[in-house]
Amino acid sequence: MESIIQDNVDPIDLKNYEALYNEQSRRGHVNEKTQFDYALCLVRSRYIRDMEKGIALLEDLLRNTKDEMSKRDYLFYIAVGFVRLKEYGRAIEYTEAICKIEPGNRQAKQLESYAKGKMNTDGLIGMAIVGGAVLAVGGIIGATVAAFKKKPKK
């Protein structure tokens, strides 16, 4: 699962798919495969705005498709995008939606497990950072109070 999450798109591929998408858009109709390919590149980008745009394109495809297999793919890559954005709760919502369509989907379950693990790890790291900051602030306040107490009175 890690390889899917960590996979970054080649910038040349992104430019090529973007050009194809923009050309079809100028003509007035972007076909589903072109939109999917471009969205997938965006989700795999290193840039947050690209990932968000890719998710939006996939959500648009999801709203407009009737094909269950396509829905599953769109849901999966939306979830991947949210994991890459570290929005694990939203990713889990999408993996759960996949499991409603296809209860035995092993890839969705693996992605959900990965997201839950990252949520726990990042949550613990976040708590440690906050705890460390609280201790640091407490130490500064304590040192300041002690310094004022030591000052001789005039």
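Quick note: numbers below take in every heavy atom, side chains included, and nothing from hydrogens, waters or symmetry partners.
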Q: When rounded to the nearest 0.5 angstrom, what distance separates CD in Glu18 from OG1 in Thr34?
A: 13.5 Å
Q: Indicate yes or no: at least one non-hydrogen side-chain atom of Ile4 is less than 4.5 angstrom from one of Gln107.
A: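 Side chain of Ile4 against side chain of Gln107, heavy atoms only: contact under 4.5 Å found.
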Q: Determine whether more than 12 heavy atoms belonging to other residues, nucleotides or ligands lie under 6.0 Å from atom OH of Tyr114.
A: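 Counting other residues, nucleotides and ligands, OH of Tyr114 exceeds 12 neighbours.
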Q: How long is the straight-line distance from CD of Glu93 back to CG of Leu75, given to the nearest 0.5 Å?
A: 11.5 Å
Q: Given side-chain hydrogen bond (donor to acceptor under 3.5 Å, both in side chains), test Asn22 with Ser25 step by step and report yes or no.
A: CA-CA 5 Å; Asn22 289 336; Ser25 184; 5.6 Å; no
Q: Decide yes or no on side-chain contact (heavy atoms from CB on, under 4.5 Å) for Leu40 and Tyr17, but give the supporting numbers first.
A: CA-CA 10 Å; Leu40 189 54; Tyr17 283 109; over 6 Å; no
Q: Can a donor-acceptor pair be found between the side chains of Ser70 and Asp73 at a distance below 3.5 Å?
A: no
Q: Quick one: are Ile55 and Phe82 in side-chain contact, heavy atoms under 4.5 Å?
A: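 In contact.
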Q: Is there a donor-acceptor contact under 3.5 Å linking the side chains of Arg84 and Asn8?
A: yes
Q: Tell me whether Lys71 is salt-bridged to Glu68, with the criterion being a basic N under 4.0 Å from an acidic carboxylate O.
A: yes
Q: Is Ile78 reachable from Ile5 through a run of hydrophobic residues whose side-chain heavy atoms are each under 4.5 Å from the next?
A: yes
Q: Using 4.0 Å as the upper bound for N to carboxylate O, is an ion pair formed by Glu23 and Arg27?
A: yes
Q: Measure across Ile92 and Ala115 and return the closest heavy-atom pair with its distance rounded to 0.1 Å.
A: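 Taking Ile92 first and Ala115 second, the nearest heavy atoms are CG1-CB, 3.9 Å.
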Q: Should Met119 and Ile98 be counted in the same cluster of Ile, Leu, Val, Met, Phe, Trp and Tyr side chains packed under 4.5 Å apart?
A: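 In one cluster with Met119: Ile98, yes.
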Q: Can you hop from Val30 to Leu61 via hydrophobic side chains spaced under 4.5 Å?
A: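 No, it is not one cluster - the side chains of Val30 and Leu61 are not joined through contacts under 4.5 Å.
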Q: Work out which heavy atom in Cys41 is nearest to a heavy atom in Asp13; give both atom names and the distance.
A: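 Reported closest heavy-atom pair: SG-O, 4.4 Å.
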Q: So, are Arg49 and Glu52 salt-bridged, with charged N and O less than 4.0 Å apart?
A: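 Salt bridge absent between Arg49 and Glu52.
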Q: Show the nearest heavy-atom pair for residues Gln35 and Asp60, with the distance to one decimal.
A: NE2-OD2, 3.1 Å
Q: Report the C-alpha distance between Tyr94 and Glu59 in whole Å, list the side-chain angles of each, state the deciding distance to 0.1 Å, and finish with yes or no for side-chain hydrogen bond (donor to acceptor under 3.5 Å, both in side chains).
A: CA-CA 11 Å; Tyr94 283 92; Glu59 287 174 332; 2.9 Å; yes
Q: Which label fits Tyr74 and Phe36: parallel for a plane angle under 30°, tilted from 30 to 60°, or perpendicular past 60°?
A: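 Because their plane-to-plane angle lies in the 30° to 60° range, the rings of Tyr74 and Phe36 count as tilted.
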Q: Using 4.0 Å as the upper bound for N to carboxylate O, is an ion pair formed by Lys33 and Asp37?
A: yes
Q: Hydrophobic clusters here meaning ILVMFWY residues chained together by side-chain heavy-atom distances under 4.5 Å, can you tell me if Val9 and Val43 are in one?
A: no
Q: Testing the basics here: between Asp10 and Ile12, what is the closest heavy-atom pair and its distance to 0.1 Å?
A: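 What the structure gives for the nearest pair is OD1-N, 2.8 Å.
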Q: Are the side chains of Tyr88 and Lys116 in touch, meaning some heavy atoms are under 4.5 Å apart?
A: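 No, side chains not in contact.
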Q: Going by atom types only, do Gln24 and Tyr38 share a side-chain donor-acceptor pair under 3.5 Å?
A: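 No pair is found: no donor N or O on one side chain lies under 3.5 Å from an acceptor on the other.
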Q: What distance separates Leu57 CG from Leu42 CG, expressed to the nearest 0.5 Å?
A: 6.5 Å
Q: Considering all heavy atoms of both residues, which atom of Met51 and which atom of Ser45 are nearest to each other, and what is their separation?
A: CE-O, 3.4 Å
Q: Can Val83 be reached from Leu58 by stepping across I, L, V, M, F, W or Y side chains whose heavy atoms are under 4.5 Å apart?
A: yes
Q: To the closest 0.5 Å, what do you measure between OH (Tyr77) and CG (Leu62)?
A: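 Result: 15.0 Å between the selected atoms.
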Q: How close do Cys99 and Ala108 get, counting heavy atoms only, and between which atoms?
A: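 Shortest heavy-atom contact: SG-CB, 4.2 Å.
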Q: Once you round to the nearest 0.5 Å, how far does CD1 of Ile48 lie from CG of Leu85?
A: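 Answer rounded to 0.5 Å: 6.5 Å.
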